[in-house]
Amino acid sequence: MLLNYLKIAIKSLLRRKFFLAISLFGIGFTLTVLLVIVALLDHVHAPLAPEVNLKRTLHVSRVVFRGTHERGVRVMATAPGYALLDRYARDIPGVERMSVFSEAATVSGFIQGEKAEFQRRRADGVYWEILDFEFLEGAPFTRADEKNAHFVAVISEATRQRFFGNEPALDRSIEVDGQRFRAVGVVKDVASTRLAATGDIWVPLSTAKSQEYRERLDGGHGALLLAASTSDFPRIKAEYESRLSHVEPEPPFDTVLGTALTRFEETILSIADTDDGKPDLGKFIVMGLGMAAAFLLLPTVNLVSINITRILERSGEIGVRKAFGASSLHLVGQFITENVVLCLLGGLLSLAGAAATLELIEAAGWFPHAELGLNYRVFLYALALACGFGVLSGAFPAWRMSRLHPVAAIRGGAR
Amino acid sequence: MIRHLFKLAWNRRRANGLVMFELLLAFLVLCGVLTLTCDGLLNWMKPLGFDYADVWRMDVRHSLSVRINEEGASEIWPVLEQLRLLMRDLEEVEAFSPLEANVPFGGSTYGSYYLIDGSPQQFLHCEVLPEAMDVLRLDLLAGRWLQPGDESMNWQPTVITRDLAVALFGGEDPVGQPLSFVEDDEEKEWRVVGVVADYRKWGETQAGRFTFFVPVRWGSGIWPPSNYIFRLLPGTPAAFEEELLRAVRGVVPGWTVNVSRLAIHRSRVLRQAMTVILISATVAGFLILMVGLGLTGVLWQSVTRRTEEMGIRRAMGAKAAHVRWQILGELLALTTMAAGIGSLIFLQLPALQVFGWIPLHVYLLALILALLVLFTFVTVCGIYPAWLATRVRPAEALQHE
C-alpha cells in the first residue's frame, strides 16, 4: 500500500516539474534555516572536549541579589562571587568534585611592542580534573600551585603561536595584564561555545592582583559541580538553594536567589530571562514555539497553497478513486504520504544548505575555534523536522481534497 | 472596470483566500526588513555629533558593586584622583573624563526611565567632568557646557541633547528650564544650562537616545566610576599605549586596567549592525522569492483551469490584451486588499510605540517602499501566467469538456 502511494507520489511529482522545483525550493530553504539553528543548539549542548562530563555537570553561573525597600524592589543579576561559591557551594552531598574559577576576562599583553588581547581565566586545580583539555605540551597547574600562588599558566595553542611562533612554550614566560607567568602547559584551542572552558590563558585563582575577591559574594566567578550521576541533580540543587537562603548580603540587598544549572537550563535562561535566576521551562516553550511559529507561518501557507493547486489538478484521479470506494481517510493518508516524501526530498537539500551555511558561519568567525557541522543527531532532527513540516503543510490540503464530491471531482473539481 | 476586478477576485475568495494571506504575510516581512534598513540608512546620513578619532576608553575594575556604601567608596576615590592627576599630567593626553557605562560604541548603558507624554522613555545619565567636552567634541547648539564648580551648586546644572530638548520643550528655548520630573537622590532641582547634538552612543546606524550630561560628584558619591574616556594628541605613536598602561598600573596596582581605541569598538558595532541587517535581508529575500515562485505556480494553474472562461471571452471578441489585463488586474486587486490590511497592521507599530526610538517617518518610508516592491514583484510574477491565458484558442477552449 505504502509502496503504491510512493510510486504514485513520485510519478505525480515528476509530472509537473515546475511545481516540484518551487516546492523543493521553499521546503529546502525553510528546513535549512531550522537545521542551522538546531545544529548550533546541538553543538552547544553536546559533551564535546573539554566538557566531556557535561551531562553530569551543574554550572553555577548566575545569582540574583534582591532587596526590597519602600520605593520598590532592587534586583541585580550577576555571576556569583568567589566567597559565595566557596562558602555555600562546597561539599554538597552527591557532588564528586567541585571547581571554582573566574569568568574569562579580556586582558592585554604586549608582544614586541604590539598590543594583543587575550581571554584570561583564573581557576583552581580541580578545574583540570572536571574538564578534559587536550595537552599538546606539559601539564595543567595543580591544587598545590593554586594554594601557593605560583605564577604559572596554561596557554592555548593560538596563544603560543602569538607569543612564540611555532616554537615550544614550556617554561618560557609570558606577560599579560602586567603580570608575568611561566607556561607549564599548552592546550588545544577551545571553542567559544564551551562556556565554562573557553579561554586563551588559564592561571591560578590565587594569583589575582588583590585577594579582595575572596570576600565578595557577587561577580566574576563560576563553579562546576560534577555529580556522580544525573539522578543526584535535584538533591544537589535543593541543597544549594536552601544554603543560598541563609546568605546575608550587604544592603541594599536582603535575599540571594539562584540555582545550579545544566547546560540546557543555561540556554533556557539566556533566551527567557527570569528574575529569580531559575529557569522557567514554560516561558521558554511559549517563547520558542512563538518564534518558530512566526517563522514557519509564511513557508507553511506558501506550501499549502501550492499543494491545494497541485491537488485540484488531480481532481479527476481523486474522483475515480472515490467512485471506486476509497474512503476519505485513505485519500488523506495518500496525500500526506506524498507531501512527506516531498518534504524528505527538501530535507535532503536542506542538509546540504545547512552544511554550507555552517561552513559560512565558521568562516565568518562568529564562534572562534568552534568546529560546526552536521552529525547523526542533526540528521535525525532533519528527518523529524521534514516529516513534521510535511504533515503540517499536507493536512489542510488533504482534508480539502477528501471533501470533494466524487461527481464534481471527476468533472474537474469545485471552483 | 476596477470594481469589476475586485468583484471577480471576491467571487473566487475561497481559492484566493490563501494567496491573499500569503501576500499579506510577505508584505509584513517586507515592511519589517525595510524599516530596519531605512532606519540604519537614514541615521547613517546624519552627522555623528561627536568625534571619536584619537579617542580611547579606559576601563578599570575596582570591583565594588555589592559594597555600595560610603566606606567602600572612600577607599577607591583617592586612587581615582591619582589616576586623574596622572592623566592630566601626561603630555600625550589632551583630556580625560569619566563616563560611566555610556562610553560611545560600548555595550552597556547607565540611565533611567521617565515618562514623556505618558510613554516610558530611556534616558542616559552621563556623569562627566567638564573635560569631557574636549574629549568628545560634542556640538554645542545652545547655552553653555558644564564648568568647574557646577557640581557644588544647590541646583543641578544639566546639559541635554537636542532630541530631548525638542521632546520636552518643543520650540521654546530650553536653556534655563527646570527638569522637574527627574528624581534626584539629594532632592536637587535639575535645570537645563545647554543643549548639545543628539548623543548617538551606538554609532552611525542608530538614532540618539535622550541624554543628560551632569557633573560627576568627583571624590564623593558611592559609585566611583569605572569607565573613562580620553583623547590623545593626533599622531601619538602606537607604542604609547604600552607606556600608558605601565604608568596607569603604577597608580592603581591592585586593579585590572584596559585601554582601547574607540575606532575599534566602532567597527565592531558597525559589523554587528550590518550582520543583523544582512541576515534578516537574506532570510526575507528568500521568503519573498519563495512566495513569488509559489504565486506564479498557483496563477499558472488557475489560468489553465479557467480555459473555458478565457475562451468565451475571446470568442465574444475580447482582445488578448484585455484577457491579459484581467488576469493581472485580478491579481493586483488581491494584492491591494492584502496590502491594505497589512498596512493597517504594520502601522500599529508606531501607533503603539513598540520600537519607541524609530521615528514615524521611517515607518512611512518603509511602508511606501514595501508597497512599491510588493506591487512590482507581484506584477512580475503575474506576467507569465497572464501571457499564458492569451494563448487559449477560443474554439479549443469551448470544446474543453
Side-chain angles (χ1 to χ4, degrees), chain A residues 16 18-19 21-23 25-27 29-30 32-33 65 71 76 78 81 105-108 110 113-115 117 120 177-178 208-213 215-220 249-253 295 297-299 301-306 308-310 312-313 364 366 396 411-415, chain B residues 11-12 14-15 17-19 21-22 24-26 28-29 59 61-69 72 183 237-239 241-242 245-246 248-250 252-260 275 283 286-302 304-306 308 400-401:
Chain A
R16 279 282 196 205
F18 179 66
F19 276 101
I22 57 179
S23 304
F25 173 77
I27 299 166
F29 165 71
T30 312
T32 299
V33 172
F65 290 79
R71 278 167 87 182
M76 180 177 77
T78 166
T106 305
V107 295
S108 47
F110 288 87
E114 285 276 314
K115 186 167 112 167
E117 289 196 330
R120 181 206 54 202
D177 197 20
K209 289 178 182 171
S210 119
Q211 297 301 306
E212 192 221 355
Y213 74 92
E215 303 304 320
R216 292 190 51 197
L217 293 177
D218 75 307
E250 299 221 14
F253 301 107
F295 171 70
L297 190 57
L298 187 50
V301 172
N302 185 55
L303 195 57
V304 165
S305 76
I306 294 175
I308 287 187
T309 307
R310 235 162 23 103
L312 288 182
E313 195 162 63
W366 288 356
F396 176 67
R411 296 189 55 200
R415 283 284 133 82
Chain B
N11 283 344
R12 291 170 49 78
R14 264 194 73 142
L18 265 177
V19 173
F21 186 47
E22 212 181 320
L24 168 68
L25 291 176
L28 288 178
V29 170
D59 304 288
R61 284 222 297 210
H62 47 61
S63 54
L64 195 84
S65 49
V66 137
R67 291 167 56 202
I68 34 174
N69 51 46
E183 291 167 24
E241 189 180 348
E242 189 172 6
L245 267 181
R246 278 191 204 289
V248 171
R249 281 178 184 144
V252 293
W255 304 344
T256 286
V257 184
N258 270 314
V259 295
S260 47
T275 311
V283 172
F286 271 105
L287 283 177
I288 303 289
L289 185 59
M290 187 172 84
V291 170
L293 287 174
L295 194 63
T296 314
V298 172
L299 277 176
W300 180 8
Q301 163 67 9
S302 105
T304 48
R305 279 173 53 82
R306 290 167 70 187
E308 292 165 60
H400 188 64
E401 254 175 278

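Below, chains carry the letters A, B, ... as their sequence lines are ordered, and counting in each starts from 1.
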Can you confirm whether Glu22(B) sits close enough to Leu295(B) that some side-chain heavy atom of one is under 4.5 Å from a side-chain heavy atom of the other? no
Where on Leu245(B) is there a heavy atom nearer than 4.5 Å to chain A: the side chain, the backbone, both, or neither? side chain
Test your reading of the model: is there a side-chain donor-acceptor pair from Asn258(B) to the backbone of Thr106(A), 3.5 Å cut-off? yes
side-chain contact (heavy atoms from CB on, under 4.5 Å), that's the test. Do Val283(B) and Phe295(A) meet it? Break it down for me. CA-CA 10 Å; Val283(B) 172; Phe295(A) 171 70; 4.1 Å; yes
Contact class of Thr30(A) relative to chain B, heavy atoms under 4.5 angstrom: side chain
Are the side chains of Phe19(A) and Thr309(A) in contact, using a 4.5 Å heavy-atom criterion? yes
So what's closer than 4.5 Å to chain B heavy atoms on Leu303(A): side chain, backbone, both or neither? neither
Toward chain A, the part of Val257(B) with a non-hydrogen atom under 4.5 Å: backbone
So which part of Thr275(B) gets closer than 4.5 Å to some heavy atom of chain A, the side chain, the backbone, both or neither? side chain
Mind checking salt bridge (Lys or Arg N to Asp or Glu O under 4.0 Å) for Arg310(A) and listing every partner two or more places apart, or none if nothing turns up? none
Around atom CZ of Phe25(A), are there more than 12 heavy atoms of other residues, nucleotides or ligands at under 6.0 Å? yes
Residue among Ala364(A), Ala105(A), Gly178(A) with most heavy-atom pairs under 4.5 Å to chain B: Gly178(A)
Any side-chain heavy atom of Phe396(A) within less than 4.5 Å of one from Leu18(B)? yes
Please rank Ile22(A), Asn302(A), Ile306(A) by heavy-atom pairs under 4.5 Å with chain B and give me the top one. Asn302(A)
Chain B contact via Ala208(A) - which portion, at a heavy-atom distance below 4.5 Å: neither
Options Val107(A), Leu297(A), Val33(A), ranked by heavy-atom pairs under 4.5 Å with chain B, top entry: Leu297(A)
